[in-house]
Trainee: 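If you scroll down you'll find the structure; I have some questions about it.
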Amino acid sequence: MVGAGTMGAGVAESLARAGHDVTVVDPDQQAVEQARSRMRDSLRLAILLGRTGGPKPAEVTARVHWTGQITDLRDASVVIECVPERIDLKEKVFAELDRVCAPGTLLASCTSGIPVDRLAASTTRPDQVVGLHFMNPAPLKDTVEVVRGPRTSPQSLDRALALLTSLGKTGIVVGDGPGFLLNRVLMLCIAEAAAAVGDGIADADTTDALFEGCLGHPMGPLRTADLIGLDNVHDTMTALCELTGDDHYRPPATLVALVEAGHLGRKTGRGFHEYR
Ligand SMILES: NC(=O)c1ccc[n+]([C@@H]2O[C@H](COP(=O)([O-])OP(=O)(O)OC[C@H]3O[C@@H](n4cnc5c(N)ncnc54)[C@H](O)[C@@H]3O)[C@@H](O)[C@H]2O)c1
């Protein structure tokens, strides 16, 4: 794994629970400490919720190795990149992974919407690059959007799907393009909902209540944005705006104001909604 944030820690936990040995690379020591603590909490919660059939928490945590050095991934059979949603950063990480990893290593990205082929272009193995768009919280979400780039080989796609099967998850394969399928749609929905709040059409509670009550969505768009993390939503919209040239993806003022104030959603206790 590259990146020990929300997704990196969650995907690492899913892999370790399934019996895989995992190495997580993150140069930020504080992020690593937080990830370790989140993983312990999540494993404890699984026991409290009665999901006792799996391995013991100590067995799971013993399978996860934390490091600041990307060169420690040299023996990995699969690498899943989970760094922030910035095109330049991900391109740099993929170029580095291509240098460090053995020729057969499958390189996957958890990107929310940067085309897989753009990341593949930073490597000398575009046939071995695939998108694995896990959902948050990764240990609890059973379905993954799998992105097949135009140069992803059938063997690489099969390996990615087999990995998901080993985690007890189902991959749904889609084609490549900005935002793939889910975020091409979801980011427009969040952007319009946030803009409507800014225009005084409804407050955040009312907006989410409409989607939840009228459409039967388990979580309205603004609560979903809070769960994703508003910094990540902001970065994803910015990348989609840049990649598509479509201004509808531009982060609305209400979202920008929350991010600038440090209200990033659930992880900081406040976003469009408050969390205690
Ligand atoms: N948060 C979600 O709900 C969600 C869902 C699906 C996909 N994603 C995608 O997953 C990716 C990660 O998102 P996140 O929410 O986990 O972000 P995050 O900000 O929580 O974590 C990113 C981590 O990457 C680390 N990092 C930065 N540069 C690095 C480098 N060069 N090498 C190693 N680590 C580095 C940071 O220290 C941080 O710990 C993004 O592409 C995002 O769009 C997020």
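Each ligand, and each atom within it, is numbered from 1 in the order the structure gives. Along the sequence shown, the residues carry numbers beginning at 1. Nothing here was measured: the structure is a model prediction, and the numbers come from that model.
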Trainee: Could you tell me whether Arg184 atom CZ has more than 12 heavy atoms of other residues or ligands within 6.0 Å of it?
Mentor: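 Check fails, neighbour count at 12 or below.
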Trainee: Check this for me, if you would: do Asp247 and Arg250 make a salt bridge, where the nitrogen-to-carboxylate-oxygen distance has to be below 4.0 angstrom?
Mentor: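 Between Arg250 and Asp247 there is a salt bridge, with a charged N closer than 4.0 Å to a carboxylate O.
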Trainee: Counting each atom of ligand 1 from 1 as listed, which ones have a heavy atom of Val25 under 4.0 Å away?
Mentor: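 This gives 33 (C), 34 (N) as the contact atoms.
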Trainee: Quick one: does ligand 1 sit under 4.0 Å from the side chain of Asp28, the backbone, both or neither, non-hydrogen atoms only?
Mentor: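 Side chain only.
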Trainee: For ligand 1, indicate whether the residue Met135 contacts it via side chain, backbone, both or neither (heavy-atom separation under 4.0 Å).
Mentor: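 Under 4.0 Å from ligand 1, Met135 contributes no heavy atoms.
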Trainee: With a cut-off of 4.0 Å, which atoms of ligand 1 are near a heavy atom of Ile228?
Mentor: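 Counting atoms of ligand 1 from 1, those under 4.0 Å from Ile228 are 1 (N), 2 (C), 3 (O).
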Trainee: Can you tell me which portion of Ala31 lies within the under-4.0 Å heavy-atom range of ligand 1? Options are side chain, backbone, both, or neither.
Mentor: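 Near ligand 1, Ala31 shows its side chain, while the N, CA, C and O stay back.
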Trainee: Identify the closest protein heavy atom to atom 41 (O) of ligand 1: which residue and atom is it, and at what distance?
Mentor: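 Closest protein heavy atom to atom 41 (O) of ligand 1: Glu85 OE1, 2.5 Å.
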Trainee: Heavy-atom contacts with His133 under 4.0 Å: which atoms of ligand 1 show up? List them by number with element.
Mentor: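 Here the atoms of ligand 1 in question are 6 (C), 7 (C).
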Trainee: Among the heavy atoms of Lys92, does any lie under 4.0 Å from an atom of ligand 1?
Mentor: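 False for this residue.
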Trainee: Please could you name the atoms of ligand 1 that Thr111 approaches to less than 4.0 Å, counting only its heavy atoms?
Mentor: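 Matching atoms, with element in brackets: 41 (O).
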Trainee: Against heavy atoms of Asn232, which atoms of ligand 1 measure under 4.0 Å?
Mentor: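 Taking each heavy atom of Asn232 in turn, ligand 1 has 1 (N), 2 (C), 4 (C), 40 (C), 42 (C), 43 (O), 44 (C) under 4.0 Å.
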Trainee: For atom 21 (O) of ligand 1, what's the nearest protein heavy-atom neighbour? Residue, atom name and distance, please.
Mentor: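 So the nearest neighbour among protein heavy atoms is Gly5 CA, 3.1 Å.
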Trainee: Nearest heavy-atom pair of Ala9 and Met39: which atoms, and what distance?
Mentor: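 In terms of heavy atoms, the two residues are closest at O-CE, 3.7 Å.
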Trainee: Is it true that Asp117 and Arg151 make a salt bridge, defined as a side-chain N closer than 4.0 Å to a carboxylate O?
Mentor: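 Answer for the salt bridge query: yes.
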Trainee: Which option, Val83, Val32, Thr224, Ile70, owns the non-hydrogen atom nearest atom 29 (C) of ligand 1?
Mentor: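 Among Val83, Val32, Thr224, Ile70, the closest heavy atom to atom 29 (C) of ligand 1 comes from Val83.
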Trainee: What protein heavy atom sits nearest atom 43 (O) of ligand 1, and how far off is it?
Mentor: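 Protein heavy atom at minimum distance: Ser112 OG, 2.5 Å.
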Trainee: Enumerate the atoms of ligand 1 whose separation from the nearest heavy atom of Phe134 is less than 4.0 angstrom.
Mentor: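 Taking each heavy atom of Phe134 in turn, ligand 1 has 5 (C), 6 (C), 7 (C) under 4.0 Å.
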Trainee: Which protein non-hydrogen atom lies closest to atom 12 (C) of ligand 1, naming both residue and atom, and how far is it?
Mentor: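 Going atom by atom, the protein heavy atom closest to atom 12 (C) of ligand 1 ends up being Cys82 O, 3.3 Å.
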Trainee: Taking everything shown except Glu212 itself, do over 12 heavy atoms lie less than 6.0 Å from its CD?
Mentor: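 Correct, the count exceeds 12.
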Trainee: Quick test of your reading of the structure: of Leu89, Asp26, Leu227, whose heavy atom lies closest to atom 37 (O) of ligand 1?
Mentor: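 Selected option, by shortest heavy-atom distance: Asp26.
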Trainee: Are Ile87 and Leu89 in one and the same hydrophobic cluster, where Ile, Leu, Val, Met, Phe, Trp and Tyr link if side-chain heavy atoms are under 4.5 Å apart?
Mentor: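 Per the 4.5 Å side-chain linkage, Ile87 and Leu89 are co-clustered.
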Trainee: For ligand 1, is there an atom lying under 4.0 Å from some heavy atom of Pro84?
Mentor: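 Yes, Pro84 has heavy atoms under 4.0 Å from ligand 1.
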Trainee: Could any protein non-hydrogen atom be found less than 4.0 Å from atom 17 (O) of ligand 1?
Mentor: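 False for atom 17 (O) of ligand 1.
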Trainee: Is it the side chain, the backbone, both or neither of Thr6 that has a heavy atom closer than 4.0 Å to ligand 1?
Mentor: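 The answer is both.
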Trainee: Could you tell me the residue and atom name of the protein heavy atom closest to atom 44 (C) of ligand 1, and the distance to it rounded to 0.1 Å?
Mentor: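 Among all protein heavy atoms, the one nearest atom 44 (C) of ligand 1 is Met7 CG, 3.3 Å.
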Trainee: State which residue, out of Thr105, Thr124, Thr123, fulfils the side-chain hydrogen bond (donor to acceptor under 3.5 Å, both in side chains) condition with Asp98.
Mentor: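 Of the listed options, the one satisfying the test is Thr124.
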Trainee: Considering the heavy atoms of Lys90, write down every atom of ligand 1 situated less than 4.0 Å from one of them.
Mentor: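 The atoms of ligand 1 under 4.0 Å from a heavy atom of Lys90 are 40 (C), 41 (O).
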Trainee: Would you say that more than 12 heavy atoms from the other residues, nucleotides or ligands in this model lie under 6.0 Å from the CZ of Arg125, or not?
Mentor: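 It does: Arg125 CZ has more than 12 such atoms within range.
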Trainee: Would you mind running through ligand 1 and noting each atom that sits below 4.0 Å from a heavy atom of Cys110?
Mentor: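 Once the distances to Cys110 are compared, the set is 7 (C), 8 (N), 9 (C), 10 (O).
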Trainee: Is any side-chain heavy atom of Val25 less than 4.5 Å from a side-chain heavy atom of Trp66?
Mentor: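 No, every pair of side-chain atoms sits at 4.5 Å or beyond.
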Trainee: Inspect the surroundings of NE2 in His65 and state if more than 12 heavy atoms from other residues, nucleotides or ligands are less than 6.0 Å away.
Mentor: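 Yes, the 6.0 Å shell around NE2 holds more than 12 heavy atoms from other groups.
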Trainee: Does the distance from a Lys or Arg side-chain N to an Asp or Glu carboxylate O, for Arg44 and Asp41, drop under 4.0 Å?
Mentor: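 Yes, Arg44 and Asp41 are salt-bridged.
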Trainee: Within a reach of under 6.0 Å around CZ of Arg159, are more than 12 heavy atoms found that belong to other residues, nucleotides or ligands?
Mentor: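 Enclosed.
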Trainee: Counting C-beta onward and ignoring hydrogens, is there a side-chain heavy-atom pair between Leu264 and Arg270 closer than 4.5 Å?
Mentor: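 Side-chain contact under 4.5 Å: no.
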